[in-house]
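These figures come from a predicted structure and were not determined experimentally. Counting starts at 1 for both ligands and their atoms, following the listed order.
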Amino acid sequence: MKYIIGIGGVTNGGKTTLTNVLLKTLPNCCVIHQDDFFKPQDQIEVGEDGFRQWDVIEALDMEAMVNTVKGWLENPVKFARSHGVTVSPLSEDPERDTHILLVEGFLIYNYKPLAEIYDKCYYISIPYEECKRRRSSRTYTVPDPPGLFDGHVWPMYLKHRKEMDNNCNAIVYLDGLKSKDEIYSQVFGNIQNTLLNS
Ligand SMILES: Nc1ncnc2c1ncn2[C@@H]1O[C@H](COP(=O)(O)OP(=O)(O)O)[C@@H](O)[C@H]1O
Ligand SMILES: O=C(O)c1ccc[n+]([C@@H]2O[C@H](COP(=O)([O-])O)[C@@H](O)[C@H]2O)c1
């Protein structure tokens, strides 16, 4: 059985933290990070506001991302091996084995061909103040220029969040202010239940 789980959420909500723990505890589990599909800086448009528009879907090579997911779907064992993930047979029949793919990122529910691919969707939110606080202590490959959070990142988040709520109706929303352990336990338990019932 192949199972694709979306770990979406606002920037600095805790997506990578949650994904990394799930990756260690779920069986035959691989990951695709949306951040790996950012286009090079010289291809990112500069908006009328003077900021490079990183927080829009056009800043990402979404076609390549979807193709990577399709590569996993075609052959999860080969995908796992080529990404250094040890695959262990869980049943006598390899066709019945469970293979899990985590798709992690801040805009994973705003691109239709990808939004349709998930078996289960999670979304982590945190309030503005906490998001701004966490973001200010993070350094990206291209560091944030002054004013980017209020001028571009947060307004784009609000816009995409509205679009996403209209696109998908089966998202499990997670409170990113809870402890890392609490969030992990909630999601792990939920995934286990879903796997047992499928
Ligand atoms: N539940 C949590 N409570 C407090 N801090 C958290 C929590 N989850 C993540 N963090 C911290 O927030 C920052 C961003 O986390 P990260 O997982 O990289 O976010 P994202 O991948 O969503 O951008 C890191 O410093 C991380 O340690
Ligand atoms: O990873 C990069 O190359 C990169 C370059 C510039 C900006 N980013 C920021 O990465 C953010 C999304 O990643 P994350 O992990 O914070 O959800 C998004 O808010 C962008 O502004 C990321």
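Note: L23 CG to L102 CG = 6.0 Å, rounded to the nearest 0.5 Å. Note: Y122 OH to T19 OG1 = 11.5 Å, rounded to the nearest 0.5 Å.
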Taking it one step at a time, do V69 and L114 satisfy side chain to side chain contact (heavy atoms under 4.5 Å, CB included)?
CA-CA 9 Å; V69 175; L114 193 59; 4.0 Å; yes
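Closest non-hydrogen pair, W72 versus I100, comes out as CZ2-C, 3.6 Å.
Between Y109 and Y118, the distance separating the two ring centers is shorter than 6.0 angstrom.
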Atom pairs and distances, ligand 2 N/O vs protein N/O under 3.5 Å:
from, atom 1, to, atom 2, distance (Å)
ligand 2, 3 (O), T141, OG1, 2.6
ligand 2, 13 (O), D35, OD1, 3.3
ligand 2, 13 (O), D35, OD2, 3.3
ligand 2, 15 (O), D35, OD2, 3.1
ligand 2, 15 (O), R138, NH2, 2.9
ligand 2, 16 (O), T11, OG1, 2.6
ligand 2, 16 (O), Y140, OH, 2.5
ligand 2, 17 (O), K15, NZ, 2.7
ligand 2, 19 (O), D55, OD1, 3.3
ligand 2, 19 (O), D55, OD2, 2.5
ligand 2, 19 (O), R135, NH1, 2.7
ligand 2, 21 (O), D55, OD1, 2.5
ligand 2, 21 (O), R135, NH2, 2.9

Contacts table for ligand 1: protein N or O within a distance under 3.5 Å of ligand N or O, distances only.
from, atom 1, to, atom 2, distance (Å)
ligand 1, 1 (N), K178, O, 2.8
ligand 1, 1 (N), K180, N, 3.4
ligand 1, 17 (O), T16, N, 3.4
ligand 1, 17 (O), T17, N, 2.9
ligand 1, 17 (O), T17, OG1, 2.5
ligand 1, 19 (O), G14, N, 3.2
ligand 1, 21 (O), T16, N, 2.9
ligand 1, 21 (O), T16, OG1, 2.5
ligand 1, 22 (O), G13, N, 3.2
ligand 1, 22 (O), G14, N, 3.0
ligand 1, 22 (O), K15, N, 2.8
ligand 1, 22 (O), K15, NZ, 2.8
ligand 1, 23 (O), N12, N, 2.9
ligand 1, 23 (O), R138, NH1, 3.0
ligand 1, 27 (O), K180, NZ, 3.0

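Salt-bridge formation is not detected for the pair R133/E129: no Lys NZ or Arg NE/NH1/NH2 atom is positioned less than 4.0 Å from an Asp or Glu carboxylate oxygen.
Within a 6.0 Å sphere centred on NZ of K78, other residues, nucleotides and ligands contribute 12 heavy atoms or fewer.
At least one donor-acceptor pair under 3.5 Å links the side chain of K2 to the backbone N or O of L73. Here the side chain of Q53 pairs a donor or acceptor atom with the backbone of F51 at under 3.5 angstrom.
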